[in-house]
Amino acid sequence: MPKRLTLLLVAALAACSPAPEPEKPAITVYADSALTEAFTKIGTDFEASQGIKVKFIFGASSSLRKQLESGSAADVYASASKDTMHLMSKVFAANRLVLALPQGNPKNVRVWDSFRPGPSQTSFAMCAEEAPCGVAAKRALKTADVTEGALAPKAVGQDVKETLAKLTSSEVDSAFVYASDVKATPGLVAVPMRVSGGESVKADLNFPIGIVSGSPESKKFYDYVFSDPAKAALTDAGFELP
């Protein structure tokens with residue numbers, strides 16, 4: 001086949017080929033690890049409806065804030081506490097601190113007696129004290145008046161998922177985590193935090209979200225978190241709405 005004809009055929013085929021689709025815009029969202037399941041669902045739905053990809057960085061809110069303050073690139077930040085939020089923000093969800101136990105409670109863990117010195121002592125895990133879940137657990141122990149002479153945590157997780165893993169791997173008998181984490185983990189039950197008289201242990205477990213970069217895409221994701229589909233994803237994951 002003559003070279004000229006070959007070139008013409010190549011040109012014709014190229015003209016008929018569909019143009020490559022433009023690359024989707026993308027954003028990076030820093031979010032507390034407690035939001036892993038809910039935000040993964042929200043991110044998938046958001047990309048499908050808005051055509052914007054979402055990359056999530058999950059971790060302890062205290063650690064994520066330090067990364068952002070040191071200059072890490074992000075578009076949106078969702079924290080597990082107002083204390084670890086340094087941006088203009090709005091609360092979009094709430095959670096409850098619970099004690100996670102294996103179903104059937106094989107070690108007969110009793111709240112709060114099992115954390116006091118004595119024959120009924122059992123082991124537990126909690127988040128690092130600077131993480132919101134650690135702050136809440138420490139406050140709960142203090143409210144229940146078991147801090148003096150109380151059993152120290154056998155294991156400490158850097159975030160709530162790592163803390164829960166201490167329980168699911170049988171390293172400890174129980175773990176202070178969020179209600180949503182227990183719901184996402186088969187084989188566990190959640191024991192509400194109460195003190196004598198049945199009063200619930202109060203803790204600041206509001207989850208705020210703020211825009212970091214100010215890009216149009218970040219504003220769209222921020223708004224989407226308050227939409228009905230996102231609210232449904234949050235409640236399905238075990239969160240409460242403010």
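All values below come from the heavy atoms of this structure, side chains included, with hydrogens, waters and symmetry mates left out. None of the values given here were measured: they were computed from a predicted structure.
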Can you tell me if [X] uses its side chain to pair, donor with acceptor, with the backbone of [Y] under 3.5 Å?
X      : Y     : value
Thr44  : Thr40 : yes
Ser174 : Leu99 : no
Ser72  : Gln67 : yes

So, for [X] and [Y], which heavy atoms are closest and what is the spacing to 0.1 Å?
X      : Y      : answer
Ala80  : Ser61  : N-OG, 2.9 Å
Ala136 : Leu205 : CB-CD2, 3.8 Å
Ser89  : Pro208 : OG-CB, 3.7 Å
Lys166 : Val156 : CE-O, 4.0 Å
Ser123 : Val172 : OG-CA, 3.4 Å
Cys127 : Gly134 : CB-N, 3.3 Å

Exercise for the section: Check whether more than 12 heavy atoms from other residues, nucleotides or ligands sit under 6.0 Å from atom CZ of Arg65, and answer yes or no. Expected result: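 Atom CZ in Arg65 is crowded, with more than 12 foreign heavy atoms closer than 6.0 Å.
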
Should [X] and [Y] count as side-chain neighbours, where that means a heavy-atom distance under 4.5 Å?
X      : Y      : result
Thr84  : Tyr77  : yes
Pro153 : Phe176 : no
Asp159 : Glu162 : yes
Val54  : Tyr224 : no
Arg110 : Ser120 : yes
Leu167 : Leu188 : yes
Ser218 : Ser213 : yes

Any chance you could measure [X], atom [atom1], to [Y], atom [atom2], to the nearest 0.5 Å?
X      : Y      : atom1 : atom2 : value
Arg139 : Leu97  : CZ    : CG    : 10.0 Å
Asn108 : Thr122 : CG    : OG1   : 9.0 Å
Gln158 : Cys133 : CD    : SG    : 9.5 Å
Asn105 : Ser114 : CG    : OG    : 7.5 Å
Leu64  : Ile57  : CG    : CD1   : 8.5 Å
Thr28  : Glu217 : OG1   : CD    : 11.5 Å

Exercise for the section: Please check if the distance between the ring centroids of Phe92 and Phe39 is under 6.0 Å. Expected result: yes

Using the rule that Ile, Leu, Val, Met, Phe, Trp and Tyr join whenever any side-chain heavy atoms are under 4.5 Å apart, tell me whether [X] and [Y] fall into a single cluster.
X      : Y      : value
Leu87  : Val29  : no
Phe226 : Ile42  : yes
Met85  : Leu68  : yes
Val225 : Leu35  : yes
Val160 : Val191 : yes

Problem - Donor-acceptor pair between Asp32 and Ser79 side chains, under 3.5 angstrom - result: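 Checked: Asp32/Ser79 side chains show no N/O donor-acceptor pair below 3.5 Å.
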
Exercise for the section: Measure from NZ or CZ of Lys161 to the centre of the six-membered ring of Phe58 and say whether it is under 6.0 Å with the direction within 45° of the ring axis. Expected result: no

Exercise for the section: Just say parallel, tilted or perpendicular for the rings of Tyr178 and Phe207, cut-offs at 30° and 60°. Expected result: perpendicular

Practice task
Hey, can you tell me if Phe46 and Phe221 have their rings parallel, tilted or perpendicular (30° and 60° cut-offs)?
Solution key: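 Perpendicular.
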
Practice task
I would like to know whether Val182 and Val98 meet side chain to side chain contact (heavy atoms under 4.5 Å, CB included); could you show each step before the answer?
Solution key: CA-CA 9 Å; Val182 176; Val98 299; 3.9 Å; yes

Exercise for the section: Identify the residue among Arg96, Lys183, Lys231 that makes a salt bridge (Lys or Arg N to Asp or Glu O under 4.0 Å) with Glu240. Expected result: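 Looking at Arg96, Lys183, Lys231, the match for Glu240 under the salt bridge (Lys or Arg N to Asp or Glu O under 4.0 Å) is Arg96.
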
Exercise for the section: Look at Glu47 together with Lys24 and state whether they make a salt bridge at an N to O cut-off of under 4.0 Å. Expected result: yes

Practice task
Go through Lys154 and Glu171 one step at a time and tell me if the salt bridge (charged side-chain N to carboxylate O under 4.0 Å, His left out) criterion holds.
Solution key: CA-CA 8 Å; Lys154 181 180 178 181; Glu171 185 177 340; over 6 Å; no

